[in-house]
> 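Mind looking over this structure? Questions follow.
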Amino acid sequence: MTKSRRSPSQSTTSLKPEIPPVGVTVITGYLGAGKSTLVNYILSGQHGKRIAVILNEFGEEIGVERAMINEGEGGALVEEWVELANGCICCTVKHSLVQALEQLVQRKERLDHILLETTGLANPAPLASVLWLDDQLEAAVTLDSIITVVDAKNLRYQLKSHNDSSSFPEAYYQIAFADVVILNKVDLVSSDDSGASIEDLEKEIHNINSLTSIIRSVRCQVDLSNILNCRAYDATHATHLEALLEENKKLSTRDLHDSSVRTLCICEQKKVDLDKVRTWIEEILWDKKYGMDVYRCKGVLSVVNSDQLHTLQAVRELYEIVPTREWKDGENRINKIVFIGGSLKEEFLIDSLRACTL
Amino acid sequence: MAGGSDAVEATTLSCAKCGKPAHLQCPKCVELKLPREGAAFCTQDCFKASWSSHKSVHSKSISSSALVNPGEQNTASPNDGWLYCLRKGQSLSPKLPHFEWTGPLRPYPISHRRPIPAQIDKPDWALDGIPKIEPNSDLQHHVEIKAPDQIEKMRETCRIAREVLDAAARVIRPGITTDEIDAVVHEATISAGGYPSPLNYHFFPKSCCTSVNEVICHGIPDARKLEDGDIVNVDVTVYYKGVHGDLNETFFVGNVDEASQRLVQCTYECLETAIAVVKPGVRFREIGEIINRHASMSGLSVVKSYCGHGIGELFHCAPKNIPHYARNKAVGVMKAGQTFTIEPMINAGVWRDRMWPDGWTAVTADGKRSAQFEHTLLVTDTGVEVLTARLPTSPNVFPWLNP
């Protein structure tokens with residue numbers, strides 16, 4: 001614990017527009033899956049990037065969070081303290097965590113990325129909601145992705161262990177909300193085990209969330225370029241669109257039983273009315289229409305009276321629909337929406353989306 | 001763990017928790033310049049384990065630092081024992097803090113804490129500055145539909161808040177200090193049997209917020225005299241019969257230039273037009289679209305860092321964020337029985353804000369002026385009831401309201 005040298009109370013709440021916001025990656029996963037290994041790997045790697053890791057013991061009333069930053073000579077580790085502003089919710093738009101991260105960015109000469117390691121956080125959704133800020137705020141930080149570290153050896157067991165009938169084990173939430181899954185400790189799983197092979201595990205993960213990318217690893221030694229700058233919540237970023245628009249890819253997963261967490265993809269060829277779509281998605285996300293529990297939603301919309309491809313993105317109740325780019329000549333203008341959640345009802349979703357066309 | 005050139009010296013201290021040799025120091029103690037003994041720990045774990053008892057060292061230090069040598073006063077403060085507010089109200093200093101002020105305004109020393117009669121019902125932060133019920137309440141996660149008896153209480157409390165603000169409005173004139181305005185608000189509130197909610201809310205030192213000129217919101221009443229040409233917002237919240245009522249208005253001090261008059265009037269209109277759309281089924285998100293449209297039309301900008309909020313038995317509750325800017329992701333639609341505030345802050349220059357060293361006062365980044373108006377609203381079956389509306393007795397201080 002070194003001194004936290006805050007620059008004299010000049011806490012601006014946003015940077016000058018020229019500096020792009022610093023990406024924040026939320027790292028989640030069970031204890032022992034390898035989160036700390038991943039963090040240490042990233043901090044000690046020779047990649048030339050200045051990365052701050054916030055060890056955020058969410059829910060602990062400590063008031064200061066520990067940050068470790070790889071700066072100094074030859075990437076030496078420096079430990080810092082990030083003081084949360086006592087959680088005053090007095091009508092401020094930005095959560096104290098966001099303000100603290102912005103102050104950290106302000107203080108440092110150059111920070112390339114921030115990792116938020118979440119010990120003991122079952123469900124990353126509330127954290128994602130706090131970090132997924134409106135573009136209008138021009139904040140100094142932006143949510144880059146949610147990465148879930150999964151223990152290949154124990155995944156099956158973790159998915160099967162229901163504490164009680166109504167709620168899912170943490171593993172389901174962590175996989176459902178992941179943009180990237182690091183399937184760690186693959187060396188401990190061999191294909192002639194009586195249990196699952198790696199391929200089986202990947203299928204199980206994709207059964208829950210068919211949009212997430214999966215990276216196999218041993219001791220979390222992953223290529224940083226695969227996990228940093230994902231821009232998973234940036235409406236203008238193309239890669240995720242391509243996955244959705246890819247004609248042949250089957251995104252819906254087999255329904256194991258009605259209530260389980262899975263991925264569902266619906267399509268509609270006719271153009272949709274934007275106002276009707278908004279009402280439609282709000283009824284699903286805010287009113288939990290038909291008892292469906294949607295965790296994440298991503299889609300491409302073909303909108304009436306517009307040459308712009310629109311993207312839809314939702315995390316729990318937060319959603320946005322944004323015009324992203326022009327449809328290309330010859331491109332199949334289609335509505336394609338992916339839902340990840342529990343108790344999803346395919347027929348209802350298809351019919352109600354159709355009702356949004358004119 | 002390297003720490004740069006000011007690493008801890010070699011003299012061995014013992015861990016305050018377990019007694020083993022300690023090389024790590026509590027950063028808050030360092031910041032408060034507390035003795036290193038009792039602030040040293042051998043590992044993160046010992047530090048974490050002792051946190052709940054150790055942190056009392058910080059709050060003790062803060063209240064004792066309020067007794068400072070009065071001989072060191074800055075010439076700007078003629079008042080004996082009045083000090084500058086720092087760290088949200090957790091500490092006080094005889095010297096004007098260093099800061100890159102964005103405009104002409106400066107903080108002045110603040111007066112001593114005003115007492116509250118024992119028989120007045122107080123919210124939990126009145127005692128130690130820290131709300132406990134509010135952050136942990138279920139009312140942070142879903143918007144309450146108020147029962148008729150709760151609504152009746154809200155009406156009564158909001159009416160008292162309105163009368164308190166009106167009392168403040170009547171004393172606004174060049175030469176009066178914002179501290180004197182605070183005294184009026186404080187007295188009027190306790191005379192009505194209410195508690196001034198801002199007092200000690202997260203250590204806020206006064207009973208209302210007074211925001212002059214380039215101050216956007218949360219200005220702390222102090223020894224500065226209002227000057228001819230100033231604009232000043234007074235933000236009042238009253239806690240009475242277990243509920244809060246919140247409103248604010250921006251007033252002219254003497255003769256105010258045309259640009260400021262337009263700013264204030266436009267801000268008033270922003271609130272009016274936003275209130276006009278409130279009814280069941282309207283998205284909370286829509287409020288920001290309307291305010292932004294109206295402000296932009298006049299070439300003014302909308303503050304983005306502060307927002308409207310749900311209110312009732314809690315000062316701030318769900319819907320937690322009702323932004324005043326456009327293209328926001330606010331969740332939910334309005335339903336009859338919900339109560340919340342709309343409180344647009346509109347700037348003559350840029351929208352960005354900065355914070356003063358006191359930890360509360362938000363000022364415009366470019367030093368240009370800012371105005372605000374606020375009401376507490378109730379959604380009815382057909383529309384809206386403005387619970388903090390002007391009364392026939394409210395002073396005639398807004399020229400545009402005269403026919």
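The sequence lines fix the lettering, A, B, ..., with proteins before strands; numbering per chain opens at 1. Just so we're clear, the structure is a prediction, and the values are computed from it rather than from any experiment.
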> Which atoms form the tightest heavy-atom contact between B:R327 and A:Q136, and what is the distance?
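The pair with the smallest heavy-atom distance is NH2-NE2, 3.0 Å.
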> With a 4.5 angstrom heavy-atom cut-off, could you sort out which part of B:A326 is near chain A: side chain, backbone, both or neither?
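When you check distances to chain A, only backbone atoms of B:A326 fall under 4.5 Å.
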> More than 12 foreign heavy atoms under 6.0 Å from CD1 of B:I145: is that the case here?
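Yes - once you tally the heavy atoms of other residues, nucleotides and ligands closer than 6.0 Å, there are more than 12.
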> With the side chain counted from C-beta on, respond yes when A:R278 and B:R285 share a heavy-atom pair under 4.5 Å apart, and no when they do not.
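Result yes, sub-4.5 Å side-chain heavy-atom pair found.
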> Of the non-hydrogen atoms in B:K329 and A:Y319, which two are nearest, and what is the gap between them?
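Taking every non-hydrogen atom into account, CD-O, 3.5 Å.
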> At a heavy-atom separation under 4.5 Å, does A:E282 approach chain B through its side chain, its backbone, both, or neither?
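Interface part for A:E282: side chain.
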> Stepwise, does the salt bridge (Lys or Arg N to Asp or Glu O under 4.0 Å) test hold for B:R352 with A:E138?
CA-CA 10 Å; B:R352 285 187 174 77; A:E138 294 181 24; 2.3 Å; yes
> Please check if atom CG in A:D273 has more than 12 non-hydrogen atoms from other residues, nucleotides or ligands closer than 6.0 Å.
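Result for CG/A:D273: enclosed.
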> Side chain, backbone, both or neither: which part of B:A362 has a non-hydrogen atom closer than 4.5 Å to chain A?
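Looking at B:A362, nothing touches chain A.
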> For A:R316, is it the side chain, the backbone, both, or neither that has a heavy atom closer than 4.5 Å to a heavy atom of chain B?
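For A:R316, no heavy atom lies under 4.5 Å from chain B.
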> Select one option (side chain, backbone, both, neither) describing which atoms of A:T279 are under 4.5 Å from chain B's heavy atoms.
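Both parts, backbone and side chain.
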> Going from CG on A:L318 to CG on B:N328, what distance comes out if it is rounded to the nearest 0.5 angstrom?
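Here the rounded value is 10.5 Å.
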> Which bit of A:L133 comes within less than 4.5 Å of chain B, counting heavy atoms only: side chain, backbone, both or neither?
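Just its backbone gets close to chain B.
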> Might you point out which heavy atoms bring B:W351 and A:L137 nearest each other, and give the distance in Å?
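Closest approach of B:W351 to A:L137: CH2-O, 3.4 Å.
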